[in-house]
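The structure appears below as structure tokens.
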Amino acid sequence: MQKADIIVVGSGVGGLEVALTMAKEGMRVIVLERQHQAGGCMQSFSRGKVMFDNALHCVGGLDEKGQLYDAFSNLGLIHLPWKRLDMCCYDEVHISGKVFSIPQGMMQYTNALKTYFPHQEEGLDAWHEILTSTDEEWLKQTSAWETLNSLFTDSLLIQVLSAPAMFKMELRKDTLPLFSLVHGTTPYIESAWRLQGDGNSLVNYLIHQIRSYGSEVITDKEVTQFNVKDGHIVSATCSDGSIYEGNIFVSNTHPSVTCNMLEEKALKPVFRKRIVTLPNTHGIFTLHLQMRHEALRYFNHNKYVIKSTDCWDAAVDNDLKVSGIMLSARVPANGEHVVNLDILTPMKWETVEKFAKSSMRRRPKAYKDIKNIITEQCLDIAEEAIPGLRKMVLKSWSSTPLTYFNHNHTPQGSAFGFRKDYAHPLNTILSPKTPIPNLFMTGHNLMLHGMHGVTVTAAHTAIEINKKITQIKDL
Ligand SMILES: Cc1cc2nc3c(=O)[nH]c(=O)nc-3n(C[C@H](O)[C@H](O)[C@H](O)COP(=O)(O)OP(=O)(O)OC[C@H]3O[C@@H](n4cnc5c(N)ncnc54)[C@H](O)[C@@H]3O)c2cc1C
């Protein structure tokens with residue numbers, strides 16, 4: 001039996017950031033991770049000698065006035081080798097036979113869009129105002145889709161504004177809060193960055209610091225049960241029988257997975273029902289390409305190619321139709337050519353659900369056929385932005401929502417956690433606090449997703465933990 005002040009279950013970026021914050025404040029923290037490798041969605045993997053990333057394609061808001069600067073400085077992450085994307089074009093949107101270059105900087109962004117859409121000036125000024133009001137509470141209760149339609153009459157402009165968001169969140173007309181769209185857009189306009197190196201370097205740097213404060217991150221430790229006594233959690237049991245005791249527990253796992261770790265009587269049925277019935281956002285299909293030697297020059301921006309007239313509600317489903325893709329190249333370690341390139345497209349769980357029980361090592365042919373169909377479409381669409389791309393590819397691998405379902409135990413392989421709903425903000429934006437006084441949650445299911453979202457959420461979780469610690473001390 002091991003003991004710590006705080007036990008964190010799950011080593012996604014959210015779990016690691018809470019662990020580091022509390023370790024820096026003098027707590028002894030133990031992070032328990034079920035996988036062999038830490039990092040959750042942010043982990044990287046190697047194929048041959050090439051490293052690929054699952055998730056870390058782009059991060060926003062790292063310049064000195066940016067929304068993540070202070071948090072990243074406190075976590076030591078600001079010193080990692082970040083490369084700023086091109087100032088004059090961090091996002092390149094291909095749509096309806098036209099190409100739109102989106103620059104960094106709020107004024108530059110708005111002015112560029114006014115040049116493309118001079119007849120929408122008034123709406124663009126109002127959009128600028130909204131994008132710079134990230135802290136406004138009303139954004140949570142307002143529909144993103146209805147707002148765009150109330151500001152703009154040109155549907156192409158709405159699609160240009162929405163195209164990058166199609167790969168950063170679930171674009172659903174009936175639910176997406178303006179809050180999610182604004183938080184998934186503004187930080188990148190302020191400043192957009194890519195890590196030089198792989199996501200593992202970020203994860204490993206967090207772990208290195210956690211350990212330097214005398215705390216621990218232990219992998220291959222799947223927590224199966226929280227043990228409750230007198231309404232408080234006293235310990236966590238792992239699948240190998242080991243038990244970890246603590247005063248405070250933090251779950252970085254999906255909240256419905258967290259509920260399942262608690263015996264029936266530990267939680268009020270109404271809370272459990274609310275959590276396990278919340279819908280999840282869709283997943284992502286990623287095509288990882290290893291490029292031939294010096295075949296493609298590095299491009300320092302993201303490219304988006306939209307084939308559908310509407311990139312809202314356009315994730316791949318059972319009809320296996322790809323509506324649009326994002327292309328993101330890793331910064332080359334040496335030279336000026338791309339070694340690995342990722343192509344992403346949103347994908348619904350229902351497309352792969354029937355294979356959920358298959359072994360990761362031996363997937364059925366039907367699953368591989370689906371992956372091949374999507375792969376071919378992704379490459380066809382990508383050639384619009386990079387002519388001749390197919391011939392530049394040496395090898396390819398792909399992942400689907402099933403990959404995240406199996407590796408991270410994410411229900412439905414969801415890429416962005418619970419679906420937030422502007423009509424029900426109080427039900428779908430969750431507090432880090434739970435009905436069990438010494439159990440807290442963190443991660444992208446609570447409020448906001450992505451590196452930006454989990455970092456903001458980790459800070460909220462740490463504040464709630466500190467309030468609890470003060471309460472305990474005062475008793
Ligand atoms: C394909 C894809 C591309 C993305 N691209 C970007 C991007 O470019 N930029 C960006 O900012 N964001 C991106 N995101 C989103 C971002 O990766 C996530 O929002 C973020 O990493 C989620 O972190 P988290 O801490 O909430 O949880 P997760 O990363 O889901 O981590 C949860 C951890 O808990 C562990 N766990 C689960 N159950 C147990 C258990 N019983 N016991 C112990 N451990 C357990 C899991 O193994 C996992 O390690 C992308 C996501 C995807 C899927």
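Atoms within each ligand, like the ligands themselves, are counted from 1 in listed order. Note: hydrogens, waters and symmetry copies are ignored here, and every other heavy atom, side chains too, is used.
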For this session: Kindly say whether N227 contributes a backbone atom to a donor-acceptor pair with the side chain of S235 at under 3.5 angstrom?
Result: no

Could you list each N/O atom of ligand 1 together with any protein N/O atom closer than 3.5 Å, one pair per line with the distance?
| from | atom 1 | to | atom 2 | distance (Å) |
| --- | --- | --- | --- | --- |
| ligand 1 | 5 (N) | A55 | O | 2.5 |
| ligand 1 | 8 (O) | A55 | O | 2.7 |
| ligand 1 | 8 (O) | H57 | N | 2.8 |
| ligand 1 | 8 (O) | C58 | N | 3.2 |
| ligand 1 | 9 (N) | C58 | O | 3.0 |
| ligand 1 | 11 (O) | M451 | N | 2.7 |
| ligand 1 | 19 (O) | H444 | ND1 | 2.8 |
| ligand 1 | 19 (O) | G450 | N | 2.9 |
| ligand 1 | 25 (O) | V13 | N | 3.4 |
| ligand 1 | 25 (O) | G14 | N | 2.9 |
| ligand 1 | 25 (O) | N252 | ND2 | 3.0 |
| ligand 1 | 26 (O) | H444 | N | 2.7 |
| ligand 1 | 29 (O) | C41 | N | 2.8 |
| ligand 1 | 41 (N) | V223 | O | 2.9 |
| ligand 1 | 42 (N) | V223 | N | 3.0 |
| ligand 1 | 44 (N) | R34 | N | 3.2 |
| ligand 1 | 47 (O) | E33 | OE2 | 2.7 |
| ligand 1 | 47 (O) | Q35 | NE2 | 2.9 |
| ligand 1 | 49 (O) | E33 | OE1 | 2.7 |
| ligand 1 | 49 (O) | E33 | OE2 | 3.3 |
| ligand 1 | 49 (O) | G40 | N | 3.4 |

Exercise. Parallel, tilted or perpendicular: which fits the ring planes of W82 and F72, with parallel below 30° and perpendicular above 60°?
Worked result: tilted

Exercise. Are the aromatic ring centres of Y90 and H301 under 6.0 angstrom apart?
Worked result: no

For this session: Answer yes or no: is there a side-chain heavy-atom contact under 4.5 Å between T281 and F418?
Result: no

For this session: Determine yes or no for a side-chain-to-main-chain donor-acceptor pair under 3.5 angstrom, with N300 supplying the side chain and R84 the backbone.
Result: yes

Problem set entry | Residue list, salt bridge (Lys or Arg N to Asp or Glu O under 4.0 Å) with K221, at least two apart or on another chain | D240

